Amino acid sequence: MATVTVSQKGWVVIPAKIRRQHGIKAGDRLRIVDYGGCIGLMPEMNDPVEEAWGMFRGAGLLDELKKAKAEERRLEKRRKR
């Protein structure tokens, strides 16, 4: 288990070994999650539908989600007119 120190500015350095294990690179955005007494860091997803591809493989759900999202965007544009 790694131990880190919080700076006066509230900064925390994630140890290199942990960054490598989880593929965290400079410029990546992380979300801070409070689990009620325990704090976690989660990578922020750029495109949650695309990044969830492995969970839905073979079920055809990804295509349906993409279609639903495209329809939602189309309707939103229409409302703005």
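Everything numeric here is computed off the predicted structure, so don't read it as measured data.
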request  = Quick one: pull up CZ in Arg31 and CD in Glu44 and give me the separation to the nearest 0.5 Å.
outcome  = 4.5 Å
note = Interatomic distance, CD1@Ile24 vs CD1@Ile14, rounded to 0.5 Å, equals 4.5 Å
ask   = Is the shortest side-chain N to carboxylate O distance from Glu64 to Lys67 below 4.0 Å?
value = yes
ask   = Should Leu41 and Ile32 be marked as a side chain to side chain contact (heavy atoms under 4.5 Å, CB included) after you check the CA-CA gap, both sets of side-chain angles, and the distance that decides it?
value = CA-CA 5 Å; Leu41 295 173; Ile32 297 174; 3.7 Å; yes
query = Are the side chains of Val4 and Val13 in touch, meaning some heavy atoms are under 4.5 Å apart?
reply = no
ask   = More than 12 heavy atoms of other residues, nucleotides or ligands under 6.0 Å from CD1 of Ile39: is that the case?
value = no
query = Going by the salt bridge (charged side-chain N to carboxylate O under 4.0 Å, His left out) test, which pairs reach into residues 2-25, not counting sequence neighbours?
reply = Lys25-Asp28
ask   = Rounded to the nearest 0.5 Å, what separation is found between the CE atom of Met1 and the CD1 atom of Ile18?
value = 9.5 Å
ask   = Only one of Lys69, Arg73, Arg74 clears side-chain hydrogen bond (donor to acceptor under 3.5 Å, both in side chains) with Glu71; which?
value = Arg74
